[in-house]
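Structure, as structure tokens:
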Amino acid sequence: MTGPDATSGGAGSRLIGREADVGSLRAFVDRAVSTGSALVLTGEAGVGKTALLESASQHAAETGTRVLRAAGAQFEADLSYAGLNQLLYPLLDDIGRLAAAHRAALTVALGLSGGSPPEPLALSRAVLDLLHQAAGERGLLIVVDDLPWIDRASSVTLTSIAHRLAGSRIAFLAARRSGEEGFFDRTGIDEYEVDPLDNAASAALLTDRFPALAAPVRQRLVAEAQGNPLALLELPASLTGPQRTAQNRLPPLLPLSRRLQNMFASRIANLPAPTRRLLLTAVLDGTGDLGVLGSAAVGHPSANLAPAERAHLLQLDRDENRLLFRHPLTRSAVVQLSTSEERREAHRWLADHYQDQTDRRAWHLVEAAVMPDPEVASLLEGVADATLQRGDAVGAVTALLRAVDVSPRGRERSRRTAEAAYLGANITGDLHRATRLLDEIRRTDPGRASSMASAIAASSLLLNGDGDVDTAHRLLVGALEMESDVDLAEEKNLVEALHMLLLVCLFGGRPELYAPFDAAVSRLGSRTPELLWITSRTVADPARTAPEALDRLDAMLSGVESEVNPSRIVRIGIACAYVDRLVSCRAALWRVVESGRTGGAVASGIEALFLLGNDGFFAGEWDRTLAAIEEGLELCADHGYRVLTWPGVFLRGLIHAARGRTDVASSLADEMTGWATPRGVALVQCYAAHVRALAAFGEGDVEAAYQHAAAVSPAGVLASHNAHAMWLVLDLTEAAARTNRHREAAAHAAAAREAGIAAISPRLALLVAAAAAVAAPAGRDVELFEEALSVPGTQRWPFDLARVHLIYGERLRRMKATTESRRHLTQARETFQRLEAEPWVERASAELRATGLAIPTGVATHLPVLTPQQQQIALLAARGMTNKQIGARLALSPRTVATHLYQLFPKLGVTSRAGLRDALTELSAKEIGERPREGE
């Protein structure tokens, strides 16, 4: 732990040059322990942050406020919940007073009991409840030093707590070095910058602590230290007597870091051997618990540590039974001055001490290892697995790589290296490290380069990098065939390989790719993990297999809130995407996004953002969706995830197409096609076709819409292993009907109905019923439209629902059912307006005008010399649409459109389409000018 230092005067003394800072922090503590608040100090190393924390702590204690402390330690940064253990150590006896659920979550996290990993929100609530109890009536100050070194798991909990203090009697005060970013999310939390001292304060500090310094020397040190209090106080200690009094010249260069390290080294080297040994044990332990040191010491630890306390290297908090280092550099110097054997001996002792704490024992054992040790490697691999299950992917990779370090050369070392590469590529976002790790396997163990673990990692790199579907597929299938008789020890890799192969097949989009996957799952039989089986049914060919998996998926979704593994959450989301169940994953997916934002599960965070965007598009939350997409695409660019960009580009293209930004949508579709076609990535080609179909509908080019929709799946068929075929059922049926392909429209509606996809979700039920209505003959269509609109739950899908209202309203208008037509058209128009789907607003408006309603337009607000239908035709022709396009839009034959144009040209005084826009604009201006002005 890090406690008060002497960088600006020492504990209990006046902090020279810090009067304003001390006053501000004391005011913060007084205010925060009454209303609840958090503050983070920032500043360069040695600027005095720790001294200010100590000053605030002393003030809190003097006013009766309880103080809890924790500090990040480099040696504990990879140990989950080490920081939380430090902070809550004085409160362990109070955990029994918590509610059962909170008690269970907290004891598991602190390693006091076994059980499933706690859900982050439940753990945060448990800790907050415990802190509320500790605060009582007198208030509580939480002090956290060296925030960037706090382990990831504790940082997540501390972040949650710091954001939930309003209305409590808890103050949260932390410190971090400028430029250092840890896992604590400071978003929304006030920061207080601790600036270097000015020259006057620097000189005053030197004069106060070193009155014998000669003036020229003092001036030189002030210039060299540049306002850093630690340097001001420590640099003089490295000078000789004659140098301090200017009898000897100072050296030309005073390297700050070297001088500081030398200063610590000299102070530590002069300590008795038992003291140094105990200090080293304390540093490597990281808990600051004097109880641990008591077991390691000969005699009472306080007696052994007294020389270090007198040397101002540490402080003993006897009330809390803890040791506090006065500055982080003290810990670094203690380790630097020790020998490798001394460090190993301390780690071995600590491993024995923590026999009942697997994580700590494993980390100490690996640090104590001299030679490769398969037992230690296996133990640390278990720690990596547990860490991943707790949602700390980066910590898992760190543990796995350390397991590699102590693994003997051979199968297990290569497997662990490949697994670390796979985690880096698929979860943490470290593609470059993954590539290096695979290169290492090829260089050191070429016989294992084609193993299953290596194939998983390599295929992930191939897919995520350049989208090489076929090579990734060959690697995985080859590895599966080579290791067809996988034992239980390898089953984890087998399952990962199948998840990876399913993803490769999904992007490949060709039915024949799935055969090896199906065969492997069949061989697994009852051993097939539930999530893998469900995903294989809802993703590969959902039109034929999804219904059988829905009950099991819904059961899994009932527990998704307790999931903490980012990869598993994303896989559940993928299983939900094509069956419209992403709404149940929203909270869990946002947790994955937050992890990605803090540098944790970056790749999983990207996928989570696009899954949330998928849900947001169909739910009509388009602005939120665009924000999520932009964030995801930026992460893709930063980390080199080319293939992951395309779901985001696809969703962006859909929104721009729906909003009438056809040039943008077309450009995005061209980008997708240009990348996907030469690589045979059929899924991305489907993305492009979908965007083009929607854009064509907005432009009124129904023929183009038909061609693009049919490119995804031919009319009358739901293409095998192509989930997008379900999404385009209504698009293809409507486009077929409006281009007089009535047989194809009927065949496609029938295929969708017979496939039973209406049972998958209310949205698909709406689309299937609406497609049947579109394809139905007059007299039967009204009943089917009513059936479509009566599907429960369709309000969640506003754009799809509005399209059905629009098509139904158009059909009713042609049947002369004007009142009913207006009701449906008005409802559609209002939804499209809310979504800013301008082409669809105009289409609904045109239909309403055709019923006789006066609906404003951007070209002319009212044309009394034209019939409502002639107004529609004139406006569309003025926009440059052909007779065929206008006819498709208004359900008229091209010949009828030509007749209407022939009739309206004389009314407007024009002889061709070229004069339509000017004539309509002039007529509109004249009509506006003839209206009575307000007040006339």
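Please read all numbers here as calculations on a predicted model, not as lab measurements.
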> Which pair of non-hydrogen atoms, one from L98 and one from L130, has the smallest distance, and what is that distance?
Replying inline: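 Looking at all heavy atoms of both residues, the shortest contact is CD2-N, 3.8 Å.
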> Of all heavy-atom pairs between L141 and A56, which one has the smallest distance, and what is that distance?
Replying inline: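 Residues L141 and A56, closest heavy atoms: CD2-O, 3.9 Å.
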> Is there a donor in the side chain of D285 and an acceptor in the side chain of Y354, or the other way round, less than 3.5 Å apart?
Replying inline: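 A pair is found: one side chain offers a donor N or O, the other an acceptor, under 3.5 Å apart.
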With sequence neighbours excluded, what pairs up with [X] under the side-chain contact (heavy atoms from CB on, under 4.5 Å) test?
X	answer
S160	S124, R164
S562	none
R97	D94, Q133
S55	L15, V22, R26

> For V376, does its backbone N or O pair with a side-chain atom of D373 as donor and acceptor, under 3.5 Å?
Replying inline: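 Yes; at least one donor-acceptor contact below 3.5 Å.
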>> Tell me every residue that passes side chain to side chain donor-acceptor pair (under 3.5 Å) with S338, counting only those two or more places apart in sequence or in another chain.
In response: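 Checked S338 against side chain to side chain donor-acceptor pair (under 3.5 Å); matches are R343.
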>> My understanding is that only residues two or more places apart in sequence, or in another chain, count here; which of them pass side chain to side chain donor-acceptor pair (under 3.5 Å) with T42?
In response: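 Residues passing side chain to side chain donor-acceptor pair (under 3.5 Å) with T42: E193.
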Note, [X] side chain near [Y] side chain (heavy atom, < 4.5 Å):
X	Y	answer
L293	N304	no
L305	L290	yes
L79	D151	no
L280	R276	no

> How long is the gap from CD on Q58 to CG on L53, to the nearest 0.5 Å?
Replying inline: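 Output value for this atom pair is 11.5 Å.
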>> Nearest 0.5 angstrom please: S407 OG to L380 CG, how far?
In response: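 Spacing of OG (S407) from CG (L380) equals 9.0 Å.
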>> Under the rule for ring-ring contact (aromatic ring centres under 6.0 Å, His included), what residues qualify as partners of H102, not counting sequence neighbours?
In response: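 With neighbours one apart ignored, the set is empty.
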>> Could you work out, with ring-ring contact (aromatic ring centres under 6.0 Å, His included) as the rule, every residue matching F172, not counting sequence neighbours?
In response: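 F172 satisfies ring-ring contact (aromatic ring centres under 6.0 Å, His included) with F184 only.
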>> Under a 4.0 Å threshold between the charged nitrogen and the carboxylate oxygen, would R69 count as salt-bridged to E54?
In response: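 Yes, E54 and R69 are salt-bridged.
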Please name all residues satisfying salt bridge (charged side-chain N to carboxylate O under 4.0 Å, His left out) with [X], sequence neighbours left out, ordered by chain then number.
X	result
E341	R344, R348
E561	R591
E530	R552

>> For residues 357-371, which residue pairs pass the salt bridge (charged side-chain N to carboxylate O under 4.0 Å, His left out) check, not counting sequence neighbours?
In response: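 Non-adjacent pairs meeting salt bridge (charged side-chain N to carboxylate O under 4.0 Å, His left out): E76-R360, D359-R390, E367-R402.
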>> Just checking E375: does its CD atom have more than 12 heavy atoms from other residues, nucleotides or ligands closer to it than 6.0 angstrom?
In response: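 It does not: E375 CD has 12 such atoms or fewer within range.
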> Do you know which of L131, V143, V144, I170 makes side-chain contact (heavy atoms from CB on, under 4.5 Å) with L68?
Replying inline: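 Per the side-chain contact (heavy atoms from CB on, under 4.5 Å) rule, the option paired with L68 is L131, out of L131, V143, V144, I170.
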